[in-house]
Amino acid sequence: MTEPLPSTPGQTVGPFFGLSLPYGDGPRLVPPGHPDAVRLHGRVLDGAGDPVPDALLELWQPGPDGAVLRQPGSLHRDGWTFTGWGRAATDNAGQWSFSTLRPGSTRPGGAPFFALTVFARGLLDRLWTRIYLPGAHPDIDPALAADPLLSALPAERRATLIATVEPAGYAFDVVLQGERETVFLDTAR
């Protein structure tokens, strides 16, 4: 019987991604003029509250009906296929933005959310988090209260995973360290 091999140790991420990984249509999961498009945007901030100008974010999400998508076309978008995946880099002010659709719940009564990965200099591994949406659907607030991840967190930590509603979408800041640090998920298994 063969014993499993130990995991390879993490490596410092970047800064290679600032030169090669962002691409033109990466942040546009749907065109900004799409009738159901929402803007999901925010900033990446360090522990001092300063912007991180060279971070990279990847977004995963189900479709509005909650279906987990497995469509090709994220790297070479055709202008109409929604793939549920995108990539955006931060600008000099640490700002990022996606044009996308509101995600649906992947299970009955579940809270819809975006999955977000953050790559930034100085990180040994990418960081995983979720972005929950308040008020996106009439039944969302009960779903937020019942969500296993959110209900396991203290209220002040829970708030770091919930976006702010804006007229054209949602705002969400990723805080890498400090008192307002975003809750990041342990994915090592």
Distance, nearest 0.5 Å, that separates [atom1] of [X] from [atom2] of [Y]:
| X | Y | atom1 | atom2 | answer |
| --- | --- | --- | --- | --- |
| Thr160 | Arg158 | OG1 | CZ | 10.5 Å |
| Leu144 | Leu149 | CG | CG | 11.0 Å |
| Leu57 | Phe119 | CG | CZ | 9.0 Å |
| Phe98 | Ile131 | CZ | CD1 | 8.0 Å |
| Leu161 | Leu185 | CG | CG | 7.0 Å |
| Leu59 | Leu40 | CG | CG | 6.0 Å |

As a quick check of understanding, evaluate side chain to side chain contact (heavy atoms under 4.5 Å, CB included) for Phe82 and Gln71, giving each step before the final call.
CA-CA 7 Å; Phe82 180 70; Gln71 298 291 328; over 6 Å; no
Check for me, please, whether Trp60 and Val38 land in the same ILVMFWY cluster - side-chain distances under 4.5 Å, paths through other members count.
no
Treating Ile, Leu, Val, Met, Phe, Trp and Tyr as nodes and any side-chain heavy-atom pair under 4.5 angstrom as an edge, say whether Leu45 and Leu123 lie in one connected cluster.
no
Take atom [atom1] of [X] as the centre, draw a 6.0 Å sphere, and report whether it contains more than 12 heavy atoms from other residues, nucleotides or ligands.
| X | atom1 | result |
| --- | --- | --- |
| Glu179 | CD | no |
| Asn92 | CG | no |
| Arg180 | CZ | no |

All ring pair (Phe, Tyr, Trp, His ring centres under 6.0 Å) counterparts of Phe113, not counting sequence neighbours
Tyr132
Counterpart residues, ring pair (Phe, Tyr, Trp, His ring centres under 6.0 Å), relative to Phe172 (two or more places apart)
none
Given Val118 and Thr182, is the side chain to side chain contact (heavy atoms under 4.5 Å, CB included) satisfied, shown in steps?
CA-CA 11 Å; Val118 180; Thr182 300; over 6 Å; no
Sidechain-backbone polar pair: [X] side chain, [Y] backbone, donor-acceptor under 3.5 Å:
| X | Y | value |
| --- | --- | --- |
| Arg157 | Glu181 | yes |
| Ser99 | Arg28 | no |
| Thr129 | Phe184 | no |
| Thr100 | Leu29 | no |
| Ser97 | His41 | no |
| Arg87 | Gly26 | no |
| Thr90 | Pro53 | yes |
| Thr83 | Gly73 | no |
| Arg126 | Thr117 | no |

Which heavy atom of [X] sits nearest to which heavy atom of [Y], and what is that distance?
| X | Y | value |
| --- | --- | --- |
| Gly86 | Arg77 | CA-NH2, 3.6 Å |
| Leu176 | Asp46 | CB-CA, 4.5 Å |
| Ala163 | Leu133 | CB-CD2, 4.2 Å |
| Asp173 | Arg43 | OD2-NH2, 2.7 Å |
| Ser105 | Pro112 | N-CG, 3.8 Å |
| Pro134 | Tyr170 | O-CE2, 4.2 Å |

Should His34 and Leu101 be marked as a side chain to side chain contact (heavy atoms under 4.5 Å, CB included) after you check the CA-CA gap, both sets of side-chain angles, and the distance that decides it?
CA-CA 9 Å; His34 187 286; Leu101 302 174; 3.8 Å; yes
The test is side chain to side chain contact (heavy atoms under 4.5 Å, CB included); show your working for Asp54 and Val52 and say whether it passes.
CA-CA 6 Å; Asp54 55 356; Val52 177; 3.8 Å; yes
